[in-house]
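Below: the structure, in structure tokens.
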Amino acid sequence: MPVPVVSEKDFEREVIRSPIPVLVAFTAAWSAPCKVLDPVLEAYAREIEGKAKVVKVDADTAPRLADMLRVQNLPTLYVFAQGRPVNAAQGASKREQLAALMDPVLPRPEGAIKARELAQLLKERQVSAVDTREATAFGRAHIPGAINMPLEEIEGRLAELHMLGADPILYCRSGDRSKELADKLAAQGVPVGFLEGGFLHWEAEQLPIERD
């Protein structure tokens, strides 16, 4: 579905008064870089649906807005949260760039931790990484220093999990299954963290890996 275009008239209602964060892309029909950005915006809008929204503003038909926000190059992206611009970038055209702009204002699940945050905590020895994939996947590649504890075994090995000497952070391939288990354990009064996006997120951030 195409990203909706917001006019100057609708900007206050759709952006300033929005109850969720908004990524605003100032674009123009004649701009080649804006055309490159369009499918990336559409895909990212689907990804963050329900947590935030994405809109476009045509800089040619909204000159007052463009001038007020000092838009000089297209595309220019602004992140609005609680009615105020909190982040901005020019020329961004990749999903990773959009995510870097939006991540600080997106709601995060309880216990979620991002890859670079985990890397720093591991360096400081504040947490222990627990790889919940099968042993063969763990052997091919895993987070340095992680221990392997298959997902289906964890509930029967909670004492072992909490004798690691540091807070356990679970991770699986994509993060979904470890999040589900973390939520289940939290409901039972056993809070554990999990790596948001799983091992795929760790690899996407180009962080170091170990192989057995």
Side-chain angles (χ1 to χ4, degrees), residues 20-21 23 43-52 79 81-82 86-89 92 94-212:
I20 58 177
L23 177 62
Y44 189 62
R46 291 192 296 270
E47 181 180 333
I48 63 173
E49 186 176 3
K51 298 186 291 185
V79 175
Q82 298 180 332
V86 296
N87 217 342
K94 295 181 179 179
R95 184 265 172 205
E96 292 77 12
Q97 293 170 307
L98 305 187
L101 287 172
M102 289 295 290
D103 277 354
V105 299
L106 291 178
R108 295 175 64 176
E110 187 71 26
I113 186 169
K114 295 187 180 297
R116 292 198 173 275
E117 294 171 341
L118 176 57
Q120 183 60 35
L121 291 171
L122 287 169
K123 183 178 179 181
E124 296 169 359
R125 299 186 178 182
Q126 294 188 37
V127 299
S128 295
V130 180
D131 191 314
T132 67
R133 300 172 300 162
E134 64 275 11
T136 52
F138 177 80
R140 286 195 295 270
H142 56 265
I143 292 174
I147 67 162
N148 184 218
M149 193 178 293
L151 195 77
E152 61 274 10
E153 297 180 13
I154 286 179
E155 288 185 84
R157 299 170 65 182
L158 291 179
E160 183 181 344
L161 190 69
H162 287 280
M163 290 177 63
L164 294 174
D167 292 338
I169 304 295
L170 310 180
Y171 74 89
C172 57
R173 180 177 179 274
S174 63
D176 295 341
R177 297 184 67 202
S178 50
K179 177 185 182 303
E180 288 176 7
L181 179 58
D183 288 345
K184 182 179 179 181
L185 293 176
Q188 298 172 5
V190 187
V192 296
F194 68 93
L195 174 59
E196 201 168 25
F199 192 61
L200 292 178
H201 182 200
W202 182 275
E203 289 184 306
E205 291 288 343
Q206 298 183 330
L207 291 164
I209 61 174
E210 282 183 347
R211 303 179 193 278
D212 289 347

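Keep in mind that the numbers below use all heavy atoms, side chains included, and drop hydrogens, waters and symmetry copies. Index from 1, following the sequence.
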What closest approach, in Å, do Lys51 and Ile20 show between heavy atoms, and which atom pair accounts for it? O-CB, 3.7 Å

Any non-hydrogen side-chain atom of Leu207 less than 4.5 Å from a side-chain atom of Glu203? no

Are there over 12 heavy-atom neighbours, none belonging to Gln82, within less than 6.0 Å of that residue's CD? no

SG of Cys172 to CD of Glu180, rounded to nearest 0.5 Å, is 8.5 Å

Is the side chain of Glu160 donor-acceptor paired with the backbone N or O of Arg157 at a distance under 3.5 Å, no angle test? no

State the CG-CG distance between Asp176 and Leu181, to the nearest 0.5 angstrom. 13.0 Å

Which atom of Phe194 lies closest to which atom of Ala182, heavy atoms considered: CD2-CB, 3.8 Å

Any chance you could lay out the side chain to side chain contact (heavy atoms under 4.5 Å, CB included) test for His142 and Arg133, step after step, and finish with the verdict? CA-CA 10 Å; His142 56 265; Arg133 300 172 300 162; 4.0 Å; yes

Using the rule given for side chain to side chain contact (heavy atoms under 4.5 Å, CB included), can you reason through Val192 versus Ile169, listing the C-alpha separation, both sets of side-chain angles and the distance that settles it, and then say yes or no? CA-CA 6 Å; Val192 296; Ile169 304 295; over 6 Å; no

Using the rule side chain to side chain contact (heavy atoms under 4.5 Å, CB included), only one of Val130, Thr132, Leu195 pairs with Tyr171; which is it? Leu195

Euclidean distance, Trp202 CH2 relative to Ile209 CD1, rounded to 0.5 Å: 10.5 Å

May I ask you to decide whether Arg95 forms a salt bridge with Glu47, counting only side-chain N to carboxylate O separations under 4.0 Å? yes

More than 12 heavy atoms of other residues, nucleotides or ligands under 6.0 Å from CD of Glu152: is that the case? yes

For Asp103, the option from Leu106, Val105, Leu101 that meets side chain to side chain contact (heavy atoms under 4.5 Å, CB included): Leu106

Atom CD of residue position Gln188 - does it have more than 12 heavy atoms of other residues, nucleotides or ligands inside 6.0 Å? yes

Can you give me the closest heavy-atom contact between Pro208 and Pro144, atom names plus distance? O-CD, 3.1 Å

Give a yes or no on whether a salt bridge exists between Lys114 and Glu205, defined as a side-chain N under 4.0 angstrom from a carboxylate O. no

